[in-house]
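To start, the structure itself, in structure tokens.
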Number of protein chains: 2
Amino acid sequence: MAETARHHEPRYGIRPTMKDVAARAGVGLKTVSRVVNGEAGVTPDTERRVMEAIDALGFRRNDSARVLRKGRTASIGLVLEDLADPFYGPLSRAVEEVARAHGALLINGSSAEDADREQELVLAFCARRVDGLIVIPAGGDHRYLEPEIKAGVATVFVDRPAGRIDADAVLSDSFGGAREGVAHLVAHGHRRIGFIGDQPRIHTATERLRGYRAAMADAGLAVADEWVALGSTEPERVREAAEAMLSGPEPVTAVFAGNNRVTVTVVRVLAGREHPVALVGFDDIELADLLGITVISQDSATLGRTAAERLFRRLDGVDEAPSTVVLPTTLIARGSGEIRPPAAS
Amino acid sequence: MAETARHHEPRYGIRPTMKDVAARAGVGLKTVSRVVNGEAGVTPDTERRVMEAIDALGFRRNDSARVLRKGRTASIGLVLEDLADPFYGPLSRAVEEVARAHGALLINGSSAEDADREQELVLAFCARRVDGLIVIPAGGDHRYLEPEIKAGVATVFVDRPAGRIDADAVLSDSFGGAREGVAHLVAHGHRRIGFIGDQPRIHTATERLRGYRAAMADAGLAVADEWVALGSTEPERVREAAEAMLSGPEPVTAVFAGNNRVTVTVVRVLAGREHPVALVGFDDIELADLLGITVISQDSATLGRTAAERLFRRLDGVDEAPSTVVLPTTLIARGSGEIRPPAAS
DNA sequence: TTGAAAGCGCTAACAG
DNA sequence: CTGTTAGCGCTTTCAA
């Protein structure tokens, strides 16, 4: 173990290669490769010697070189909006599990809802030669992906469809879910219902708004402009929007919240109010059961798993036309959505 | 756009290389490399021709080859326990932000609290030649990392210290936080306080238990065996543990929950009970403000950011002895921790 | 300003 | 069963 000649110790930052292992074990380079990759055709004795050399040297195969030679990286890239959002954690984890089952690693990136950043991440992943890409798009134009897809990078969009290209997508039923949620409020006697959602450039936001309008139309109810607020999900903005539609001569008696961020803030606003206001939110939230929040639940883990499975099916060579899967949502009644409007209303 | 000779179209799955770009632009390979990497010494006219060829061919530099030559990958690996746990989302996101600021990509993996899986992930990351590693350890022995660290892979442990090697670590003050939380309960009149925590092999679990015992000792209170339950954070297990210590002849009048998973379940258990029981939980939880849950808050994003900054300082060549940073926790009183024990107690 | 040649560490193809 | 050679796509070095 202890070497006397200090300059013979492995230098810091230098990694042994297969060549080094081969020299130490007194075998050929290819034999080392065989052992490292568990290929057949190596004497147990030779294998043992190679193994010893590997351990002694602390050898670890350089996958960059391997990738360069083999063409495949056994890794996939996931671009989402914000890993810190509790909606994306389970999604990301589900993707990871599927990747793991296929022996692939996951590279992650948050676009922060910025189209340029999305593109930057996607292209960086492509430069790393990920085998496939799962994208929750921030931008609305994905033609920049055409050369990549042509080059064989499998791509699946999740939560929102791709823009201006034909690609696989796995979505939740935003329209249907919102429609059901708003219909639920209508069924409990509400006539003046507000909608607070994310920015209109986000597909799910407009789909949910469409669902809201459909439900109102189904019930023969007009929608006042002041009842609809699309924009950032920053707490201040949501708070202002909520307070605006809850005051004035004709306040709403119920609110439909367009996503988990909005719901959380609306719950806080409503908690500080005298008269109860009904609420249904899109996306389930932790502890919503204890707070009695009625929600339209979408399972983000299923979204991720479904997308990842589709991706690997493509990587396994399945060659069918791109298609879109829409996953159903579930209404979970817990109280807040069953509050009736004040009698005078 | 439309090519008539179908067999002249780029074949599916084949990517253009710098050589292809060079041929098309009528320049040398190195000139393409210069343009792609924004190096000086290229005529604007030449550059334009190269750019055109790049766009026409849909060329994207192969970073595997680049890495093989340069030695650095501009990527770091993050191994955590479970990306779906809301505690790790912000941590991961914070690491990502720092990495981004340093031009590095993030490879992510969940160990699922399994030591073998942790090692598997870490070594896979090392094979990809990540420049650095941020690890939330699941296992207790990290000697397998010695060759990697010797080879120059910067490594920082987060949330829990490394086992059997000397390495940088960024931790929360589990001991001090738990001690403060339990002291808070004592200050509100409690004498019989339960502790429900994670598995004893997890460092933070035992540290928090130590803090609990210290606070009890500080107050001159004995701890009955039935008041302490360490184990899985599965809801059923936590529920059973909570119900056990809340029943019997001498039930606890307050519970200290060892982490966010435990807190969530305990809150559910207590919600179904007749008499109020005090609760302080380690980790803040979304909507805990609305539920009035008193917590010992630790900022997981700060944990991640601090670790990542330290990692990049190492990568920038700072060469000091490994050290441990302990971040303070904050008690946030919201009601559940200020409930007093029943008078008869 | 530009390009030719060498080589990073590995695997594929082929020989012995 | 084992080893040799070529070459993946890029950057480095050096020469023009």
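Computed over heavy atoms, backbone and side chain alike; hydrogens, waters and symmetry mates excluded. Naming: A, B, ... by sequence-line order, numbering from 1 per chain.
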B/Arg66 backbone acceptor or donor facing B/Arg69 side chain under 3.5 Å:
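No; zero donor-acceptor contacts below 3.5 Å.
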Strictly distance-based, threshold 3.5 Å: is any side-chain N or O of B/Asp159 a donor or acceptor partner for the main-chain N or O of B/Leu171?
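Checking the backbone N and O of B/Leu171 against the side chain of B/Asp159, no donor-acceptor pair under 3.5 Å is found.
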Boundaries of the DNA chain C segment in contact with chain A, non-hydrogen, under 4.0 Å:
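It runs C/dG9 to C/dA13.
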Any side-chain N or O of B/Ser33 below 4.0 angstrom from OP1/OP2 of D/dC10?
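For D/dC10, OP1/OP2 do not have a side-chain N/O of B/Ser33 under 4.0 Å.
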Do any pairs count as a ring-ring contact (aromatic ring centres under 6.0 Å, His included) and have a residue in residues 100-125 of chain A, sequence neighbours left out, and if so which ones?
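Counting only pairs at least two positions apart or across chains, the ring-ring contact (aromatic ring centres under 6.0 Å, His included) contacts touching residues 100-125 of chain A are A/His102-A/Phe312.
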Please, which pairs that meet ring-ring contact (aromatic ring centres under 6.0 Å, His included) have at least one residue in residues 37-70 of chain B, sequence neighbours excluded?
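As it turns out, there is no ring-ring contact (aromatic ring centres under 6.0 Å, His included) pair with a partner in residues 37-70 of chain B once direct neighbours are skipped.
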A/Leu29 CG to D/dG7 C1', straight-line distance once rounded to whole Å:
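Computing the A/Leu29:CG to D/dG7:C1' distance gives 14 Å.
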Length of the NZ-P vector between B/Lys30 and D/dA15, whole Å:
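B/Lys30 atom NZ is separated from D/dA15 atom P by 16 Å.
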Side-chain H-bond candidate by donor/acceptor type, A/Asn108 with B/Arg93, under 3.5 Å
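Checked: A/Asn108/B/Arg93 side chains show no N/O donor-acceptor pair below 3.5 Å.
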Under the salt bridge (charged side-chain N to carboxylate O under 4.0 Å, His left out) rule, collect the residues that match up with [X], sequence neighbours excluded.
X        : value
B/Glu113 : B/Arg160
A/Arg48  : A/Asp45, A/Glu52
A/Glu120 : B/Arg100

Quick one: list whatever passes side-chain contact (heavy atoms from CB on, under 4.5 Å) with A/Asp166, sequence neighbours left out.
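Counting only residues at least two positions away or on another chain, A/Asp166 forms a side-chain contact (heavy atoms from CB on, under 4.5 Å) with A/Pro322.
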Name every residue in residues 34-59 of chain A that has at least one heavy atom under 4.0 Å from any atom of DNA chain D, in order of residue number, or write none if there are no such residues.
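When residues 34-59 of chain A is checked for heavy atoms under 4.0 Å from DNA chain D, the hits, listed by number, are A/Arg34, A/Gly41, A/Val42, A/Thr43, A/Thr46.
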Within residues 60-69 of chain A: residues closer than 4.0 Å to DNA chain D (heavy atoms):
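Within this stretch, A/Leu68, A/Arg69 sit under 4.0 Å of the strand.
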Which atom pairs, donor and acceptor, lie under 3.5 Å between side-chain atoms of residues 300-307 of chain B and protein residues at least two apart or in another chain?
{"from": "B/Ser300", "atom 1": "OG", "to": "B/Phe87", "atom 2": "O", "distance (Å)": "2.9"}
{"from": "B/Thr302", "atom 1": "OG1", "to": "B/Asp299", "atom 2": "OD2", "distance (Å)": "2.6"}
{"from": "B/Thr306", "atom 1": "OG1", "to": "B/Thr302", "atom 2": "O", "distance (Å)": "2.6"}

Give me the one residue out of B/Val130, B/Leu123, B/Thr155 that meets side-chain contact (heavy atoms from CB on, under 4.5 Å) with B/Glu148.
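Filter result, single survivor: B/Leu123.
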Between the first and last five pairs of the helix from C/dT1-D/dA16 to C/dG16-D/dC1, the angle of the axes, rounded to 10 degrees
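Taking five pairs per end, the axes differ by 30°.
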Using the test ring pair (Phe, Tyr, Trp, His ring centres under 6.0 Å), find all partners of B/Phe157 that sit at least two apart in sequence or belong to another chain.
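Testing B/Phe157 for ring pair (Phe, Tyr, Trp, His ring centres under 6.0 Å), a comparison that skips the adjacent residues, returns B/His142.
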Are B/Asp319 and B/Arg313 packed together at the side-chain level, in the sense that at least one heavy-atom pair is separated by less than 4.5 angstrom?
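No; the side chains remain at least 4.5 Å from each other.
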